[in-house]
Every structure is written in C-alpha cells, then in structure tokens.
Amino acid sequence: MKTMSRLLAATMFVAGLAGAAHAKTFVYCSEGSPEGFDPAPYAAGTTFDASSKPVYNRLAEFERGTTNVIPGLAESWDISEDGTVYTFHLRKGVKFHTTEYFTPTRDFNADDVIFSFQRQNDKNDPWYSYAGGTWEYWNGMDMPNLVKSIEKVDDYTVKMTLTAANAPMLANLAMDFASILSKEYADKLAAEGKQSDLNQLPVGTGPFQFVAYEKDAVIRYQAFGDYWRGKQKIDDLVFAITPDASVRAQKLKAGECQLMPYPNPADVQAMQSDDSIQLMSQAGLNIGYLAYNVLAKPFDDVRVRKALNMAINKKAIIDAVFQGTGQAAKNPIPPTMWSYNDKVQDDPYDPEAAKKLLAEAGVKDLSMKVWAMPVSRPYNPNARRMAELIQADFAAVGVKVEIVSYEWAEYLKRSQDKERDGAVLMGWTGDNGDPDNFLAVLLGCAGVGGSNRANWCNEEFNNLVVKASKVSDVAERTKLYEDAQVVFKREAPWATIAHSTTYVPMSKAVIDYKVDPLGSYRFDGVDLAE
Amino acid sequence: MFGFILRRLGLLIPTFIGVSLVAFFFIRLLPGDPVLLMAGERGISPARYAELMSRFGFDLPLWRQFLSYFNSLLHGDFGTSISTKKPIFTEFFTLFPATLELSFCAVIFAVVLGVPAGVIAAVKRNSWFDHTAMATALVGYSMPIFWWALLLIIVFSGMLGWTPVSGRISLTFFFPKVTGFMLIDSLLSGKAGAFRSAASHLILPTIVLGTIPLAVIARQTRSAMLEVLGEDYIRTAKAKGLSPFRVVAVHALRNALIPVITTIGLQIGVLMAGAILTETIFSWPGIGKWMVDSIFRRDYPAVQGGLVLIALIVMAVNLVVDMLYGLVNPKIRHQR
C-alpha cells in the first residue's frame with residue numbers, strides 16, 4: 001500500500017513536471033551524501049546544505065552572501081539591559097510544508113521553537129536520544145552552559161535566559177543546528193512509533209520541500225508554494241551526488257548540472273577560460289596556521305616565535321600549496337570578517353633578521369618538530385607539502401625540522417596535549433561569522449589543552465576577548481577585537497599562514513547566486529535563465 | 001553431490017566466525033575513534049567524550065563489545081550506523097543492488113570478450129592477434145582504475161558526448177525503486193527512454209570495472225587452452241578428422257574452462273575492490289563508496305556489519321563456483 005501511494009505520488013510529481021511546460025529545474029552536483037535530514041545531530045557542511053539550508057528556517061538567519069544576522073522566524077527580538085534575557089517575537093502565518101507523509105493542521109508557533117531546542121538540551125526529553133544523542137553543535141557551541149532556560153511566554157513569544165551575557169548568541173541561533181522543526185510532525189511520528197523518520201523525511205518551513213532521496217545518488221526538492229518569503233523562482237532543486245571533483249567538473253561542462261562545489265585547484269584555471277562557465281570566488285572564512293607550543297622551551301620566548309615567523313616564505317606556500325587560490329594571512333581572523341584589523345603589520349619575510357633574533361634569544365642549533373595534518377582541508381590543501389616548505393625555510397635560518405604526522409583522529413587528540421613536542425599545522429573554518437568564534441575558541445585561556453593548540457593564555461588578550469563577548473554594541477566589540485589582534489601579533493603564538501579562496505563554478509545560465517562566506521551552498525533566491 | 005555441498009557448507013561456519021572476528025578487530029586497529037572524528041578541529045571535553053563513548057558502548061572492554069556484536073550477528077542484527085543512525089542491514093541492501101548490477105555487467109563484459117580472445121590467442125599462438133591481445137591485456141591489468149575512468153569520461157562524455165558522465169540514470173526520470181536494479185526498474189516504469197538512459201549510464205563503469213577481470217580471464221583462458229591443446233586426446237580428436245572448430249570448442253574449451261571458472265570466481269573479490277574506486281568516480285550509489293565513507297568516519301558498526309555481509313556474499317558466490325566446478329569436473333565431486 002505504501003509502495004502504491006509512493007508510486008502514485010511519484011507519478012503525480014513527474015506528471016506535474018511534464019505539465020508545467022517551463023518548470024525550472026536546478027541541478028547541483030553536490031560533493032557527498034547527507035548523514036540525515038535533521039541538521040542538529042550533525043556537524044558536516046554537506047549535511048547542512050541538504051537539510052537546514054533548503055528545508056528549514058531559524059529564528060535569526062544569515063543574510064544571503066553575508067554574515068549579517070537578519071530576522072528569520074523571529075520577526076524581532078529584545079535583549080535585556082544586562083544582555084542575559086532574549087525575548088523573541090515570532091512571525092505569524094508561517095506554514096509548514098505539506099508533503100506526501102505529513103499535512104500540518106496549524107501554523108508555526110512557540111511550541112515548535114521550544115521543541116527544537118529542548119530536545120538538544122534536556123537529557124530527559126523523549127527526543128534527546130532519537131538520533132544517538134550526539135547534538136554536535138549544541139554542545140560544540142557550549143549551549144548547555146550558556147543557556148539557563150527557554151520558555152514559551154505565549155504562542156508567539158519565546159524567552160531565552162542566558163547564564164551570562166553572550167553577544168555571539170544571535171549568530172549561534174542563526175546556525176544550522178538551531179533550525180526549527182515542526183512539533184506537530186514530531187508528535188505524529190512519536191505516536192506512530194516512527195521517530196527515525198524525523199531524520200529521513202523532513203518537514204520544515206524553508207524555501208524548498210523535500211520530495212525524495214535515493215541514497216548516495218539523488219536528492220529531490222520542490223519549491224514550497226506557501227513559503228513565507230514568497231515562492232522561489234526555480235521550481236525543482238535536485239542534488240546529484242558526485243563525490244569526485246574532476247567528474248563534477250565534467251558534468252558541469254556537459255550541462256548535467258548547473259553548479260558545483262569544491263573544484264580541484266588545478267582545474268580552476270581551465271574553468272576561467274571556459275566560455276560556458278562563470279566562476280565566482282570569495283575569500284573563505286578560514287585560517288591555516290602553525291601553532292607553537294608556548295609552554296615548551298624555547299618557544300616560550302616571543303623572540304624565538306617571531307624569528308621563526310620571519311623565516312617563513314608565505315608567498316612560496318601560497319603558490320605551491322594553494323596553487324594561487326589563497327592569500328597570505330597576518331591576523332588570526334580572515335579579512336572578510338568584521339573587526340579584521342588591517343592596520344596590523346605582518347612579520348616580514350626576512351631570514352637574515354630571523355637569524356639575528358634567534359642569536360639574540362640565545363638559541364643555537366635548534367631542532368624541532370613540525371606536525372603535518374594527514375588530511376586536506378580548504379585552509380590547508382596539502383599539509384605535508386606545506387611542512388616541507390617550512391622545513392626548508394627554517395633550515396635556511398639554521399633550525400632543523402623533523403616532520404611528523406599521525407592519522408587524523410589521533411592527530412586531533414595528540415595535538416591538544418599540553419606537553420606536545422613541536423609546532424602543529426592546523427586551521428579553522430568559521431561557524432557563525434562572529435570573531436569570538438575564532439579568537440575565543442582558538443586563542444582564549446579556556447581553550448588551553450583543547451582547541452587552543454598554542455596553549456597560549458595571555459591575560460591582556462583574554463580580557464579583551466571575554467569583554468567583547470559580553471557587550472552587544474558592535475562598534476565597541478569591533479574596537480576590542482582590533483586591539484586583541486594587535487596583542488596577538490605582538491606575542492606571535494602562531495605563524496598565521498593563509499586564508500583559502502573559495503571558487504564556485506557554475507553555468508552561465510545561473511542568475512543571482514551569491515557565494516556564502518560561511519562556506520555553505522544555498523539556493524534560495526537563485527534563478528535560471530530560460 | 002549432496003555430500004559435497006554439505007562439506008562445503010560446513011566449511012562456512014569457521015569462515016564466518018573468522019570473518020566476524022577480523023571485521024571487528026580490523027576497524028578497531030585503525031587509530032582514532034568516531035567520537036574524536038566527529039568533534040574535528042574543535043575538540044571535545046573529556047566529560048562529553050566519555051558520555052558519547054558510553055552511549056555507543058565503546059567504553060566496554062573489547063571482548064564484551066565483541067560478544068555483544070557477535071550475539072547480535074547470530075540474531076541477524078547487523079547493528080546501527082553511527083552516522084546515519086539507520087540499521088546497517090537496510091543501508092547495505094539499499095545500496096547492494098547497484099553494486100550487483102554493475103558487477104554483473106562487468107563480469108559479463110569480461111567473460112564475453114575475455115574467453116573468445118583467450119581461445120583465439122591460444123589457437124593462433126604467436127600470431128599478431130596473440131601478441132596484440134596479450135599486450136593489451138597486460139596494459140589493461142596494469143592501468144590505474146582512477147586514471148582509466150577519467151580518461152574514458154573525458155573522451156566519451158566530454159569530447160564526444162556519447163555517454164553520460166556519471167550516475168545511474170538521467171535525472172529527468174524519477175520513479176520508485178522496485179527491485180533496485182536500474183535496468184529492470186526502468187523497464188517496469190514504462191517510461192519511454194528510461195531503459196535506454198539506464199543502459200547508457202552503465203557503459204563506462206562496466207568497461208572500467210570489467211577491464212582487470214577481462215585481462216585476467218583472457219590470459220588465463222589462453223594459458224589453459226595452450227595446455228589442453230597439447231594433450232594427447234586433442235591430437236586424437238584431430239586425427240579422427242573432427243573439424244578444427246569442434247576440436248577447439250567441444251574438446252579443448254570444456255576442459256580448459258575449469259581453471260577459468262575458478263579465476264572468474266576469484267574475480268568477485270577483485271570486483272569488490274575495484275567497485276570502491278569505480279563507484280566513487282561514476283557517482284554510483286553502491287556499497288563500495290559506502291564502505292569507504294564508513295571507514296573514514298570510523299563508523300565501527302557500519303564497517304564491521306558491511307564487511308561481514310560482503311564476506312557472506314563472497315562465500316555464497318564461491319560456494320556456487322565450487323558447485324559449478326563439481327559439475328564440470330567429476331573428479332572434484334568425489335574427492336574426500
């Protein structure tokens with residue numbers, strides 16, 4: 001019976017496709033399969049691109065093509081004087097998707113908000129364990145410690161109380177894990193004993209509604225007619241899962257899809273001269289760096305760290321490792337992020353000065369380890385090669401380098417060790433566009449022995465960053481972060497190496513696509529030329 | 001024959017136990033664990049780490065983990081994937097038809113071209129055909145699958161536009177899965193052009209996956225044929241005045257086929273390995289790609305469950321090959 005009804009629905013869908021003479025179908029050659037369609041248990045961008053971006057909305061959202069936080073399902077919000085109470089005024093008349101497997105009987109309201117957050121926060125919530133209880137980002141963003149309570153005031157008002165003022169909270173709530181699901185749908189699934197469907201057959205309020213997923217092959221969506229921001233210009237959105245980058249490029253050329261993510265750096269040049277392809281680019285919201293262990297001798301001496309920074313030829317690294325698709329970094333945050341301090345002077349590439357500074361610090365015949373990550377990441381496409389270049393640069397100033405590497409999970413664990421021997425190549429991609437997400441996470445005192453791989457705890461820097469997270473005035477925060485970057489550069493716990501450039505190749509027929517600085521691929525607002 | 005099958009079936013039990021042990025320990029031998037990998041660059045607090053490890057049962061002593069896993073296996077429960085949170089059995093058999101369809105086509109391709117090529121090469125030994133065929137086989141055998149696949153895509157899909165680049169069927173076709181075999185489902189869908197589309201999507205992956213088995217089968221057939229052609233009974237058959245075709249096709253080939261069938265059976269393992277790369281390149285939604293993803297994520301239940309299921313399938317195939325073998329060669333049937 002189920003097969004029969006699916007068959008019928010599918011037939012109707014295809015008939016619908018054929019019927020609408022000019023149905024616009026946008027095909028995206030995605031790079032991998034989503035782990036599920038409920039974004040909250042997961043941490044992978046691939047999963048978010050297929051779930052939260054097309055299907056759901058959040059209270060606050062990122063404006064397309066920027067990291068600005070704009071109202072989403074919350075029309076507006078008030079923040080108390082002390083910054084600890086957020087009152088959200090919810091939008092009225094927002095519809096959930098009507099699909100083959102669910103017909104909503106009511107509009108979006110405060111119950112949906114409470115449900116979406118409580119299931120991640122409350123270990124006794126019946127939905128806490130349904131997807132393994134991982135709730136990656138809720139925990140990763142430290143929400144259990146930041147949020148004291150979430151209450152429904154009335155159907156269209158929700159009050160969130162924090163344990164302390166936290167300015168990045170709004171940006172956190174614009175992240176994928178904070179997507180709003182339908183409580184009515186969840187209740188129905190619970191009653192039928194089909195909880196796992198919440199993760200397989202999603203229902204949201206977003207611009208596209210889910211139609212079908214053929215595992216590892218195709219995901220189909222259609223534009224949601226009652227979308228509260230208005231129906232999308234494209235009618236059907238299809239993800240053709242294509243793991244190999246060269247094959248994605250061939251499919252784009254052959255017209256089998258209209259847009260692809262993550263081209264091979266080597267293919268980018270050929271695409272630039274291809275008439276059928278338009279290539280958009282944007283500085284990625286990331287940083288690749290070399291973190292010294294400032295707790296270990298002689299790296300506790302700022303002169304040694306400065307000297308090594310001056311020995312690194314970043315231009316050669318950008319050419320060889322990024323094949324030109326990157327830019328040299330001087331600050332720990334990328335230039336597209338607000339509060340980026342462009343007045344900071346980078347340590348110049350000057351091996352002679354480096355030698356002198358090392359001599360001044362009394363360091364002779366230094367041997368050290370440089371850790372090279374075993375995986376490729378946008379902020380560091382080839383860490384082994386990068387380590388070799390650094391090895392040669394350091395040799396030129398009389399420092400002997402041994403390159404070490406471990407399997408990725410092991411690398412992640414061992415590199416956090418406070419006793420770690422050597423400087424480690426690492427990097428970071430921003431989650432929410434807030435400077436706190438880089439400066440506090442990667443360099444704050446709380447991260448020592450964890451995500452602060454330099455084990456650098458500088459009181460002056462830490463005070464600035466902590467203070468900036470407590471005030472909500474953006475101008476004031478900007479000033480504090482700018483000062484923090486000056487302290488960072490002076491103390492040099494890292495060699496800042498590069499920010500990668502994201503290239504997005506697409507067909508010439510694609511209209512009004514905006515590259516997301518946060519690194520996701522979203523298709524609301526996009527159109528196709530006839 | 002019945003006793004022969006029973007003996008073969010009996011052998012499956014220790015093999016099954018061995019495979020489940022290997023699958024269980026193999027993935028745990030790799031450094032790193034799924035929880036650390038999920039946390040990524042951010043890292044994870046020790047308390048949260050311990051909580052998640054115990055949630056997945058990875059904090060228990062290894063022997064207890066093994067016993068509970070083995071016990072579940074005996075009850076037909078292959079576990080639940082850590083990443084997708086779905087039962088392994090469902091995941092596996094959603095994807096398996098795609099791999100089976102592709103492997104089946106690849107074997108057919110390899111046999112249909114490989115056996116005749118080997119026979120002709122043997123009969124016309126040292127001819128230009130022999131040399132060309134064997135040199136081509138050597139090249140085919142040594143070619144990296146990745147490179148070969150991309151080359152075919154660039155030429156036949158990119159430059160000539162004869163075949164689609166990747167996938168199983170054109171995205172304009174959308175019908176529910178019935179059997180999971182696209183060739184059959186496309187026919188059942190009754191949509192004009194669906195079967196043609198599915199078939200055209202199979203061409204390049206079939207060639208890529210079938211290339212190595214084709215080379216091996218051609219070479220094996222040739223050497224087996226050469227051996228048989230030198231036998232006394234072939235000379236006798238020729239002396240009787242039988243037509244050369246009959247001598248080769250009936251007398252020689254039948255006997256030469258025994259080692260060839262063994263080779264074909266052994267190629268099933270090779271196909272599984274080749275499928276991993278072929279499926280990745282051609283975006284083919286099969287188990288090869290799924291296994292690789294699971295290994296990278298250290299999805300222990302998926303890897304161990306998947307390996308056991310693959311092993312069961314390979315064992316079943318080998319059992320069938322053994323039986324065929326027994327049919328072709330009565331000597332083997334009667335061995336004690």
Side-chain angles (χ1 to χ4, degrees), chain A residues 3 6-7 10-11 13-14 17 25 27 29 32-33 35-36 41-43 129-134 136 139-140 196 199-200 211-212 214-218 220 238 240-244 246-247 250-251 253-254 256-257 377 406-413 416 426-429 441 447 450-451, chain B residues 30-45 48 51-52 55-56 80-86 91 94-95 98 146 149-150 153-154 157-158 161 164-178 191 279-286 289-290 293 296-298:
Chain A
T3 319
R6 288 221 172 141
L7 196 73
T11 318
F13 174 74
V14 177
L17 274 184
T25 302
V27 183
C29 273
S33 308
E35 297 150 292
Y42 302 109
S129 301
Y130 104 98
T134 44
E136 278 287 308
N139 288 284
S196 64
N199 198 15
Q200 320 294 348
V211 174
E214 190 195 327
K215 189 169 166 56
D216 291 351
V218 192
R220 292 170 195 273
V238 178
I241 298 166
T242 315
D244 188 81
S246 315
V247 175
Q250 287 296 331
K251 277 180 91 90
K253 267 177 131 175
E256 289 181 25
C257 56
R377 284 288 181 273
Y406 300 95
E407 180 281 329
W408 184 226
E410 200 62 21
Y411 188 96
L412 289 167
K413 188 161 86 180
Q416 294 183 9
M426 250 298 163
W428 183 254
T429 301
V441 173
S451 53
Chain B
L30 297 180
D33 63 61
V35 175
L36 277 178
L37 278 175
M38 272 196 290
E41 284 94 330
R42 176 185 308 282
I44 186 165
S45 74
R48 179 80 187 147
E51 187 192 328
L52 286 181
R55 187 167 276 280
F56 295 127
T80 304
S81 157
I82 296 177
S83 70
T84 63
K85 334 280 184 199
K86 279 200 197 168
E91 293 252 286
T94 309
L95 298 171
F146 235 96
L150 280 176
I153 290 179
I154 290 170
S157 311
V165 180
S166 75
R168 286 184 84 187
I169 192 164
S170 161
L171 293 170
T172 49
F173 295 105
F174 177 43
F175 43 78
K177 268 189 186 181
V178 182
K191 292 195 195 323
E279 288 177 0
T280 305
I281 300 175
F282 288 100
S283 321
W284 197 266
K289 172 80 182 45
W290 175 75
D293 285 348
F296 278 130
R297 288 180 183 140
R298 299 288 184 277

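Being a predicted model, the structure only gives us computed values, none of them experimental. Lettering of chains follows the sequences in order, A, B, ..., and the numbering in each one begins at 1.
B:Pro164 touches chain A through backbone and side chain together, each having a heavy atom under 4.5 Å away. Only the side chain of A:Tyr42 comes within contact range of chain B, judged by heavy atoms closer than 4.5 Å. In this structure, no portion of B:Glu279 lies under 4.5 Å from any heavy atom of chain A. For B:Phe296, no part lies near chain A; criterion is any non-hydrogen pair under 4.5 Å. In this structure, chain B has no heavy atom under 4.5 Å from any part of A:Lys253. Residue contact with chain B, scored on non-hydrogen atoms closer than 4.5 Å, involves the side chain of A:Ala254 exclusively. Heavy atoms closer than 4.5 Å to chain B are found in both the backbone and the side chain of A:Val247. For chain B, the nearby parts of A:Ser129 are the backbone and the side chain; heavy atoms of each come within less than 4.5 Å. For B:Phe282, no part sits under 4.5 Å from any heavy atom of chain A, backbone or side chain.
Counting heavy atoms from C-beta on, the side chains of B:Thr80 and B:Glu91 never come closer than 4.5 Å. Proximity of B:Phe174 to A:Val218: side-chain heavy atoms (C-beta onward) are nowhere separated by under 4.5 Å. The side-chain heavy atoms of A:Ser196 and B:Lys85, taken from C-beta on, include no pair separated by under 4.5 Å.
When each of B:Thr84, B:Leu52, B:Val165, B:Ile281 is checked for heavy-atom pairs under 4.5 Å with chain A, B:Val165 comes out on top. Considering only heavy-atom pairs separated by less than 4.5 Å from chain A, the leading option among B:Thr280, B:Leu95, B:Thr94 is B:Leu95. Among B:Leu150, B:Leu171, B:Asp293, the residue making the largest number of heavy-atom pairs under 4.5 Å with chain A is B:Leu171. When A:Ile241, A:Asp244, A:Thr242, A:Asn139 are compared by the number of non-hydrogen pairs under 4.5 Å with chain B, A:Asn139 comes out ahead.
Between the side chains of A:Gln250 and B:Ser157, no donor-acceptor pair is found at a separation under 3.5 Å.
Without hydrogens or angle criteria, B:Trp284 side chain to B:Ala98 main chain gives a donor-acceptor distance under 3.5 Å.
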